[in-house]
Student: 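Please find one structure pasted underneath; my questions will follow.
Residue numbering restarts at 1 for every chain, and letters A, B, ... go by the order of the sequence lines. Keep in mind that the numbers below use all heavy atoms, side chains included, and drop hydrogens, waters and symmetry copies.
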2 protein chains.
Amino acid sequence: MSKQRVVNLSEVRTQCQKCSLYQLCMPMGLAEGDLNKLDKIIKRRRPVEKGEFLFRLGEDFISLYAIRSGSLKTYTSQSDGQEQVIGMHLPGELIGLDAIGDSRHGCSAVALETTSVCEIPFEHLEALSREIPGLQHHLFRLMSAEIQHDQCHMTVLARMPVENRLASFLLSLSDRYKLRGYSASEFNLSMSRSDIANMLGMAMETISRLLTGFQEQGLIQVERKHIRILDAAGLRAIAGQCGELPDSPVDNSSSHSA
Amino acid sequence: MSKQRVVNLSEVRTQCQKCSLYQLCMPMGLAEGDLNKLDKIIKRRRPVEKGEFLFRLGEDFISLYAIRSGSLKTYTSQSDGQEQVIGMHLPGELIGLDAIGDSRHGCSAVALETTSVCEIPFEHLEALSREIPGLQHHLFRLMSAEIQHDQCHMTVLARMPVENRLASFLLSLSDRYKLRGYSASEFNLSMSRSDIANMLGMAMETISRLLTGFQEQGLIQVERKHIRILDAAGLRAIAGQCGELPDSPVDNSSSHSA
DNA sequence: CTTTTCTTTTGATCCAGATCAAGGCCTGGA
DNA sequence: TCCAGGCCTTGATCTGGATCAAAAGAAAAG
């Protein structure tokens with residue numbers, strides 16, 4: 001381990017710690033050389049301004065994007081021109097994973113505020129993950145986590161009344177901010193009420209009423225886009241959880257009808 | 001290419017063609033040696049009878065399962081004991097991808113009929129996909145496709161009225177059966193009405209009424225679990241599509257509010 | 001600073017689809 | 001063969017949230 005290498009490492013760390021790659025690299029303890037390799041394939045690009053597209057539905061898929069700062073929403077368009085918001089994406093998250101399958105973006109990504117991203121050409125990443133087993137494993141885990149997350153969201157949309165949906169959403173934001181080192185109890189919504197409503201499958205008016213209601217119940221404090229969570233346990237009680245284990249596991253025989 | 005190798009290859013093909021691996025291996029043109037390696041890590045196991053679990057929510061994740069014949073449903077359980085059906089899985093599909101992330105199954109899988117599967121220990125598969133680039137790529141594509149599919153389902157659940165949901169579901173089944181070489185216009189529902197309703201986020205009674213309605217409109221013919229699609233175009237008109245491209249792409253500047 | 005425009009709130013009404021209720025129909029077991 | 005317990009269908013009612021409407025704040029533009 002030469003002195004120069006150590007310098008390189010710390011330099012890379014500085015670049016990656018704040019950016020997406022902190023999430024992408026660190027958890028699996030890449031060797032310093034590997035970190036450098038990874039850093040080399042990443043393209044920095046000018047920040048995406050609020051309202052600009054990072055990519056659009058139908059475009060060729062070239063790169064994944066890791067969010068370094070700011071936030072984006074992704075959405076699809078229906079045949080009738082209606083938009084469906086798929087998700088809101090925070091720093092440290094990787095977007096574009098849904099496009100690998102058919103080499104074409106299945107949704108559009110718009111910046112909700114000035115946002116900087118690292119562009120990761122997927123072919124390079126794929127090649128690199130053949131060399132670096134830890135990277136391959138990490139990518140599998142990331143994609144799996146996304147599937148899990150989407151399934152959770154499906155459950156929320158299919159079953160839950162509106163209170164639960166919004167409570168889940170707020171808690172999920174809180175958790176994600178916390179994971180990134182921000183406050184878990186206080187944050188700004190970067191999406192508009194109507195985007196939130198759209199994503200949660202309800203009307204904007206309902207969001208507005210619910211936020212007021214939660215505030216009156218002392219669960220949160222709302223001021224415009226700023227949210228302060230006062231009673232996380234209370235919210236959690238409203239939200240319910242997806243994928244929770246039932247109390248007493250039953251035996252492995254046919255207790256289930258088909 | 002020795003004669004013996006050729007024999008091995010055809011033998012493997014026979015095993016894999018009907019089973020999940022047909023989907024998993026063939027599209028990427030694995031070399032014969034690679035096919036053999038893949039075949040070696042796969043465990044055959046006795047069929048899962050109707051109502052039996054293949055795995056359960058909360059269990060340790062060891063293997064992916066490729067469905068060789070039959071079908072399964074996956075579902076999660078809410079804290080209140082309610083079930084949410086996540087998906088229905090046909091031959092050629094791989095299940096368990098959502099469990100890689102936290103090494104624990106996030107849903108339960110129950111056979112809807114006698115079902116045979118190949119068990120693929122994930123650690124082995126991961127190791128093998130380091131050796132075989134095509135395999136790695138294929139796995140990324142599979143997981144990506146699952147993400148895409150789930151996002152489509154989220155859109156359906158969030159926005160669409162019940163007619164659209166059911167029409168989408170029937171068309172998706174039709175497509176999937178077709179892809180597997182079965183009839184696109186005639187198939188059996190292996191899930192009960194109430195499971196379908198649950199999965200589509202509606203009441204069983206509504207499914208029943210809609211099926212009757214579709215039949216009266218001459219779109220389908222229903223007899224118990226047997227469905228015959230008479231007017232796929234008509235169904236498609238009702239369903240709408242997710243991820244469709246809007247008519248005229250606009251320029252890349254800020255046409256979008258945040 | 002004023003005007004325009006967009007976003008959010010709040011109130012009133014309405015309806016798609018859930019829920020409740022009651023029969024009819026398969027299916028599997030004895 | 002008959003019976004029992006699920007499924008499925010059909011009808012009647014009810015309600016959670018959507019939609020419609022309008023005004024009050026912010027923010028952006030002039």
Student: Is the shortest side-chain heavy-atom distance between A/Glu49 and A/Thr114 below 4.5 Å?
Tutor: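 Answer yes - side chains close enough.
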
Student: Could you go through the side chain to side chain contact (heavy atoms under 4.5 Å, CB included) check for A/Asn164 and A/Ile238 one step at a time?
Tutor: CA-CA 5 Å; A/Asn164 306 30; A/Ile238 293 173; 4.1 Å; yes

Student: Can you tell me how far C1' of D/dT9 sits from CD of B/Glu223, to the nearest Å?
Tutor: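 Rounding to the nearest Å, CD of B/Glu223 and C1' of D/dT9 are 15 Å apart.
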
Student: A/Arg224 side chain: which of C/dT7, C/dC26, C/dA18 is closest?
Tutor: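 For A/Arg224, the side-chain atoms sit closest to C/dT7.
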
Student: Using whole Å, what does the distance between atom P of nucleotide C/dA18 and atom CD1 of B/Ile207 come to?
Tutor: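 In whole Å, C/dA18 P lies 9 Å from B/Ile207 CD1.
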
Student: Between C/dA12 atom P and A/Arg209 atom CZ, what is the distance in whole Å?
Tutor: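 Distance check: A/Arg209 CZ to C/dA12 P gives 11 Å.
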
Student: Should the pair A/Glu113-A/Lys225 be classified as a salt bridge under the 4.0 Å nitrogen-to-oxygen rule?
Tutor: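 The answer is no: the pair does not qualify as a salt bridge.
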
Student: Side chain of A/Thr212 only, please: which of C/dT10, D/dT19, C/dG17 is the nearest?
Tutor: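 Side chain of A/Thr212 sits closest to C/dT10.
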
Student: So, does B/Arg56 use its side chain to make a donor-acceptor pair with the main chain of B/Ser108 at under 3.5 Å?
Tutor: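 Such a contact is absent between B/Arg56 side chain and B/Ser108 backbone.
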
Student: Hey, does B/Gly213 reach any base, or is it just sugar-phosphate, or nothing, if we go heavy atoms under 4.0 Å?
Tutor: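 The residue B/Gly213 makes no contact with any strand.
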
Student: Classify the ring geometry between A/Tyr177 and A/Tyr182 as parallel (under 30°), tilted (30 to 60°) or perpendicular (over 60°).
Tutor: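 Answer is perpendicular, since the angle exceeds 60°.
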
Student: Whole-Å distance between C/dG28 C1' and B/Lys50 NZ?
Tutor: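 Going from B/Lys50 (NZ) to C/dG28 (C1'), I get 10 Å.
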
Student: Separation of B/Leu210 atom CG from D/dT9 atom C1', in whole Å?
Tutor: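 Rounding to the nearest Å, CG of B/Leu210 and C1' of D/dT9 are 13 Å apart.
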
Student: Take the protein atom NZ of B/Lys225 and the nucleotide atom P of D/dT9, then report the distance between them rounded to whole Å.
Tutor: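 Distance check: B/Lys225 NZ to D/dT9 P gives 10 Å.
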
Student: Does A/Thr206 have a side-chain nitrogen or oxygen under 4.0 Å from the phosphate oxygens OP1 or OP2 of D/dG16?
Tutor: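 No, outside the criterion.
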
Student: Distance check: side-chain N/O of A/Ser194 vs OP1/OP2 of C/dT7, anything under 4.0 Å?
Tutor: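 It does not, given that no N or O in the side chain of A/Ser194 lies less than 4.0 Å from OP1 or OP2 of C/dT7.
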
Student: With a cut-off of less than 4.0 Å, is there a side-chain N or O of A/Arg193 near OP1 or OP2 of C/dT9?
Tutor: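 Indeed, a polar side-chain atom of A/Arg193 lies that close.
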
Student: Between atom CG in A/Leu112 and atom P in C/dT7, what is the gap in whole Å?
Tutor: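 These atoms are roughly 13 Å apart.
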
Student: B/Glu163 side chain: which of D/dG17, D/dA18, C/dG17 is closest?
Tutor: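 Selected nucleotide: C/dG17.
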
Student: Quick one: B/Glu205 CD to C/dA16 P, roughly how many Å, whole number?
Tutor: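 Value for this atom pair: 18 Å.
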
Student: Using the side-chain heavy atoms of A/Met204, tell me which of these nucleotides is nearest: C/dG17, D/dA18, C/dT8.
Tutor: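 Nearest nucleotide to the side chain: C/dT8.
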
